[in-house]
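Residues: numbered from 1 along the sequence shown.
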Amino acid sequence: MNKTIRRASVFCLLMVLALLVRATWVQAYEARALADDEHNRRNVIAQYAQPLGDIIVAGSPVTGSKETRSVDDLRYKRSYTQGELYAAVTGYSSQAYGATQLEGIYSDVLDGTDDRLKNPADLLTGEQTSPGDVVTTIDPDVQKAAFEALGDDRGAAVAIDPETGRILGMVSSPSYDPSDISGTSDGDAWQKLLDDTDKPLVNRALRQPLPPGSTFKLVVAAAALENGLYSSVDEATDSPDPYTLPHTTTVLSNENPSAPCENATLRTALQYSCNNVFAKVAADLGQDRLKAMADAFGFDTEKLDVPVRASQSVYPSGMDEAQTALTGIGQFEVTATPLQMAMVSSALANGGELASPHMVSKVTDSDGSTLQEYSDDDTERVVKASTAEQLRSAMVTVVEKGTGSNARIDGAEVGGKTGTAQNGVDNSNTPYAWFTSYAKDDSTGKQVAVAVVVEDSGAARSEVSGNGLAAPIAQKMMKAALKS
């Protein structure tokens with residue numbers, strides 16, 4: 001063999017060896033990564049080759065699968081029952097745009113690829129198994145009450161069972177029908193949702209923190225009692241009216257100039273929503289103690305999963321005294337989601353213990369056997385039982401004699417707190433209307449905690465108030481929960 005042929009043979013041998021090494025590497029080490037790659041068309045084909053599992057509300061599926069005549073090998077697409085009603089719970093599953101919320105979190109269960117669904121033979125053969133289901137905690141009556149009460153208003157609402165943490169209702173408005181974007185040829189519908197300035201794809205209940213306004217005064221009152229600044233909600237405070245923010249010439253006014261806010265008790269200050277009292281209390285407590293109290297209720301939690309992750313509600317740091325005083329009325333840089341403000345009322349309704357909020361009770365296989373279950377017993381004490389009792393009493397005063405009268409329910413104990421939060425520079429935009437509350441039926445023992453925010457109802461600026469816009473929505477949700 002001459003030299004040239006020998007060199008060519010060696011080169012070819014090396015090339016073959018390199019190819020074998022590469023093939024072995026791909027099959028042994030990169031197979032899973034390639035199989036899971038989002039650009040792998042086979043995954044999408046497999047995902048929609050059979051009907052998906054369902055998301056269940058009160059024993060009935062609110063999702064389904066529709067057989068298509070697709071030309072691109074995608075046999076089934078996701079369908080939704082009352083899609084707009086449950087969009088904030090389910091999210092969407094789209095052949096073109098992926099999946100969000102429960103559809104995204106449990107995609108492996110719903111499409112049958114979760115290893116927990118497979119028997120040993122399936123694991124060896126790689127065969128796709130029957131999909132599982134996701135069972136929610138949502139009460140359809142509460143969900144419908146919230147959806148209908150919000151109507152065309154831009155806003156959100158959340159209802160929680162204080163004892164268990166089960167989310168009974170969660171609505172974001174405006175909503176959308178996930179069925180409209182579940183296929184591969186829904187580009188116009190998708191673009192319309194993206195272009196909509198009201199952002200219907202945003203889950204406002206979980207993902208849009210806003211200034212909570214005077215609803216945050218419940219947290220400030222809790223801090224005042226827990227830190228011994230005042231021993232009772234009926235003890236007079238040291239609160240001049242008008243109140244000048246510390247080290248400034250800025251005078252903080254009250255919405256109702258004739259309200260008895262000078263040196264008012266915490267009960268009276270909640271009843272009339274006295275800004276001077278809670279700004280002074282916040283300044284006296286200082287930001288560290290206020291932050292500790294807010295964080296105990298759930299503010300500043302980076303990973304609040306229900307199991308969909310909620311955006312962080314924030315109590316700020318690094319403030320001066322004047323800024324700290326403003327946080328006492330839920331302004332400056334305090335932000336909260338409706339879920340967070342529902343958690344505040346829930347903890348107070350539950351004797352000072354916060355049950356971990358969740359909207360999934362269990363995940364099952366196709367036979368109904370439980371793969372994963374969410375506990376109703378995961379609780380953490382936020383305030384003493386005596387503090388919670390006093391604040392519930394003061395919240396009842398707000399509803400019975402104060403600014404929350406539209407939340408009353410005959411035959412039930414109802415407590416709440418209104419809020420009207422500034423929006424924009426110098427409050428140049430329409431204010432946000434808030435209401436957070438709880439209701440309890442002593443005859444049945446049923447109870448519920450609710451938070452509602454109305455970002456924009458189209459009402460005149462002078463008509464925007466927590467009692468006028470948000471409390472009636474909360475009242476309908478609470479009535480539905482107590483009757484269910």
Between Asp300 and Lys291, is the closest basic N to carboxylate O distance under 4.0 Å?
yes
Within the side chain of Glu226, is there an N or O that forms a donor-acceptor pair under 3.5 Å with the backbone of Lys384?
yes
To the nearest 0.5 Å, atom CG of Asp114 lies from atom CD of Gln372 at 9.0 Å
Sub-3.5 Å donor-acceptor pair from the side chain of Ser273 to the main-chain atoms of Ala269, do we have one?
no
So do the side chains of Thr136 and Val62 get within less than 4.5 Å of each other, counting heavy atoms only?
no
Tell me if the CG atom of Asp188 is crowded by more than 12 foreign heavy atoms within 6.0 Å.
no
Could you tell me whether the side chain of Gln143 and the main chain of Met170 form a donor-acceptor pair under 3.5 Å?
yes
Side-chain donor-acceptor pair present, Asn203, Gln101, cut-off under 3.5 Å:
yes
If only atom types and distance count, is the side chain of Thr137 paired as donor or acceptor with the main-chain N or O of Ile167 below 3.5 Å?
yes
Hey, are Asp54 and Thr63 close enough side-chain-wise for a donor-acceptor pair under 3.5 Å?
yes
Could you check whether any side-chain heavy atom of Ser361 comes within less than 4.5 Å of a side-chain heavy atom of Glu373, counting everything from C-beta outward?
no
Without swapping roles, check the side chain of Arg166 against the backbone of Ile160 for a donor-acceptor pair under 3.5 Å.
no
Side-chain (Thr129) to main-chain (Gly112) donor-acceptor, under 3.5 angstrom:
yes
Should the pair Glu353-Arg381 be classified as a salt bridge under the 4.0 Å nitrogen-to-oxygen rule?
yes
Please report the interatomic distance CG(Asp141) to CE(Met477), rounded to the nearest 0.5 Å.
12.0 Å
Separation of Met293 CE from Asn227 CG (nearest 0.5 Å)
8.0 Å
Treating Arg309 as the side-chain partner and Asp305 as the backbone partner, does any N or O pair qualify as donor plus acceptor under 3.5 Å?
no
How close do Arg78 and Ser93 get, counting heavy atoms only, and between which atoms?
CB-O, 3.6 Å
So, taking the atom named OG1 in Thr301 and the one named CD in Gln340, what distance separates them when rounded to the nearest 0.5 Å?
7.0 Å
With heavy-atom distances below 4.5 Å as the criterion, would you say the side chains of Leu193 and Ile181 are in contact?
yes
Report yes if some heavy atom in the side chain of Gln287 is under 4.5 Å from a heavy atom in the side chain of Thr327; otherwise report no.
no
Rounded to the nearest 0.5 Å, the CG atom of Leu52 sits from the OG atom of Ser65 at a distance of 4.0 Å
Using the six-membered ring wherever Trp is involved, compare the ring planes of Tyr374 and His358 and label them parallel, tilted or perpendicular (cut-offs 30° and 60°).
parallel
Just so I know, are the side chains of Ser346 and Tyr438 near enough to count as touching, which here means a heavy-atom distance under 4.5 Å?
no
Is a side-chain N or O of Thr436 found less than 3.5 angstrom from the main chain of Met341, in a donor-acceptor match?
yes
Quick one: which of Phe299, Phe278, Trp434 gives a ring pair (Phe, Tyr, Trp, His ring centres under 6.0 Å) with Phe216?
Phe299
Would you confirm whether the ring centroid of Trp190 sits within less than 6.0 angstrom of the ring centroid of Tyr92?
yes
Decide yes or no for Leu102 and Pro307: does some side-chain heavy atom of the first lie under 4.5 Å from some side-chain heavy atom of the second?
yes
Minimum heavy-atom separation for Ala407 and Val399, please, with both atom names.
C-CG1, 4.2 Å
For the aromatic rings, using the six-membered ring if either is Trp, is the centroid distance between Tyr176 and Tyr80 under 6.0 Å?
no
Does CD in Glu389 sit with more than 12 non-hydrogen atoms of other residues, nucleotides or ligands closer than 6.0 Å?
no
Report yes or no: does Asp365 contribute a side-chain atom to a donor-acceptor pair with the main-chain N or O of Thr370 at less than 3.5 Å?
no
What do the steps show when you test Lys417 against Ser437 for side-chain hydrogen bond (donor to acceptor under 3.5 Å, both in side chains), and what is the final call?
CA-CA 6 Å; Lys417 182 68 191 81; Ser437 58; over 6 Å; no
Flag the pair Thr403 / Leu270 as yes when at least one side-chain heavy-atom distance between them is below 4.5 Å, and no otherwise.
no
Here the gap from Gln475 atom CD to Asn467 atom CG, rounded to the nearest 0.5 Å, amounts to 11.0 Å
Check whether Asp196 reaches the backbone of Asp198 with its side chain - one donor and one acceptor, N or O, closer than 3.5 Å.
yes
